[in-house]
**Q** 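Before we start, here is the structure in question, set down as structure tokens.
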Amino acid sequence: MFHYFIPNIITALVDVNFSIYYAMSEKVAIVWFRNDLRILDNPALFHAYNNYDKVILLYIYDDQLGGSWKMGGASKWWLYYALFHLNKTLEHKSCRLILRKGDSLEQLKQILSSTKAQEIFFNGMYEPYNIKLEQEIEILCDSLEVTATRFQGNLLLEPWEAKTTTGKNFSVFTPYWNACKKLINTKDPLPEPKFKPYYPEVADCNLDDLNLLPAINWADGLKATWEPSEKKALELLGEFIDNQLSGYSELRSRPDMVGTSSLSPYLHFGQISVRYLYNSLRFLSYQKPALSTQVEKYLSEIGWREFSHHLLFFYPNLPEQNFRENFDKFQWDNDTELLRAWQRGMTGYPIVDAGMRQLRSIGWMHNRVRMIVASFLTKNLLISWQEGAKWFWDNLVDADLANNSASWQWVAGSGADAAPYFRIFNPVTQGEKFDPKGEYVRRWVPELKSLQNNVIHQPWKNFLPNKFNNSINYPQPIVKLDTSRARALAIYKQIKR
DNA sequence: AGATAGTTTAC
DNA sequence: TAAACTATC
């Protein structure tokens, strides 16, 4: 499966020179890239070049890592282009990314022994399987007398840093985030490293060999929407600051408008540093105090990301198990037909279907609509949050185990500092409030295009004959809102006891 | 980060 | 009579 990088004549000569250097036992280090696919403010990358002249830049695609939470289809699509763009950037620095496929530990073992690297640099991750892998790598490195150096580059704080005054872990967001804000170090983000040209002689494979792109092409919508590069992330941040930030706290809830930064996938894959993001906005708020309320609102969303990682770190079962144990006796209905209708965007509730189709089409859904579709699944359809989490996992380009698990549990009511169970969103009311002209619905549910604004969120009320009206193809509501709401509340009463 | 039904208040 | 408020889920 692997092939050796075949250099052109010039790099072949360079390679010969390097092997001579190697004979002189010049030190080599490895940067093990993970979800930190950036060159700016990347501690592992920066410190590797600060300490070594020969740095091997490595990414291992381990298609089994994560078990039932191994990378989903949309994430793999994103990863393909993220690696593509990162490699392009590195080539401009006369370096290149070594790609490997297979078991992470096994691959690292092979590379460590074939390159005689003395040190491996990486940035820490927090999923249970990634924590386990880091521990195994530490043991491996000990046995090979290689130094393993872990950096903190993916969160503002390590999950264990913020503690309550009694030394316990937080389980409520607001006091957690207030404590974090006092602890967050506002030192400047690291610049890009001083790259040193090096084309190591290491067996690797082509990007296409990783089999990241779908065999059946469903990714046109993703391709038309996203550019998964570090450069684009920085551009999006700039555009967000210029155009959206001043109205963020209102417009963030409007799926029919551009009101959010759309940085979630870039943050997940580490194509933008959360510290860079945080410091940029803090500095802006200091420069322009009028924006401080909006900045605080945006940064609190970054705070939820920190909080989710904090929860996942201390409750590694968060992706599977209810955080609140009393939810264990909750009787989910888990009807397959209803689940399928939800997945396909055929529930008969326009805002729900628009969201689910947006998800399938571009691998992303507006945050407000995520809450609406999640409430609908768990409360109106009585389908477990785990089913929703699985579907999102496969379809989101920003699928992130901590955020996904914590957020689904938040909506279901089983999570830490969760929405009360009885907070049941009404998709009609929500649609009329946050998509008042139905533009979001018309974009993603074209059958409803010709409906008037006053019935776009309740198409069953459209009795006006219209020969251009395609809404006949649109399903009737799969459940009634009033009775399904009452049923959910009745079940909630039972689990309270 | 809600919805709803019932009640009070402001014209 | 509708907006505003409130208790409840």
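Heavy atoms only: backbone and side chains are in, while hydrogens, waters and symmetry mates are out. Chain letters run A, B, ... following the sequence lines, proteins first and then strands; every chain starts at 1.
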**Q** For A:F314 together with A:H310, are the ring centres under 6.0 Å from each other?
**A** yes
**Q** Identify the residue among A:F376, A:W444, A:Y440, A:F425 that makes a side chain to side chain contact (heavy atoms under 4.5 Å, CB included) with A:I351.
**A** A:Y440
**Q** Near DNA chain B, counting only heavy atoms under 4.0 Å, which residues of residues 426-436 of chain A show up?
**A** A:N426, A:T429, A:Q430
**Q** For A:R360, what residues pass the salt bridge (Lys or Arg N to Asp or Glu O under 4.0 Å) criterion, not counting sequence neighbours?
**A** none
**Q** Would you say the side chains of A:N42 and A:N123 form a donor-acceptor pair under 3.5 Å?
**A** yes
**Q** Taking the six-membered ring for Trp, are the ring centroids of A:W460 and A:Y349 within less than 6.0 Å of each other?
**A** yes
**Q** Using distance only, find each side-chain donor-acceptor pair of residues 76-83 of chain A under 3.5 Å and give its atom names and separation, not counting sequence neighbours.
**A**
from: A:W78; atom 1: NE1; to: A:Q271; atom 2: OE1; distance (Å): 2.7
from: A:Y80; atom 1: OH; to: A:D208; atom 2: OD1; distance (Å): 2.8

**Q** Need two values: the first and the last nucleotide of DNA chain B, 5' to 3', having an atom under 4.0 Å from any heavy-atom of chain A.
**A** B:dA1 to B:dT4
**Q** Can I get a per-line list of side-chain donor-acceptor pairs under 3.5 Å for residues 330-344 of chain A, giving both atom names and the distance, sequence neighbours left out?
**A**
from: A:N334; atom 1: OD1; to: A:S384; atom 2: N; distance (Å): 2.8
from: A:D335; atom 1: OD1; to: A:E337; atom 2: N; distance (Å): 2.8
from: A:D335; atom 1: OD1; to: A:L338; atom 2: N; distance (Å): 2.9
from: A:W342; atom 1: NE1; to: A:V373; atom 2: O; distance (Å): 3.1

**Q** Examine distances only and state if a side-chain atom of A:W364 and a backbone atom of A:L222 form a donor-acceptor pair shorter than 3.5 Å.
**A** no
**Q** Could I get a table of every N or O pair under 3.5 Å where one atom is in the protein and the other is in nucleotides 3-9 of chain C?
**A**
none

**Q** Base, sugar-phosphate, or nothing: which does A:K379 touch, judged by heavy atoms less than 4.0 Å apart?
**A** nothing
**Q** Strictly distance-based, threshold 3.5 Å: is any side-chain N or O of A:N404 a donor or acceptor partner for the main-chain N or O of A:A389?
**A** yes
**Q** Return yes if some donor-acceptor pair links the side-chain N/O of A:R324 with the main-chain N/O of A:S414 below 3.5 Å, else return no.
**A** no
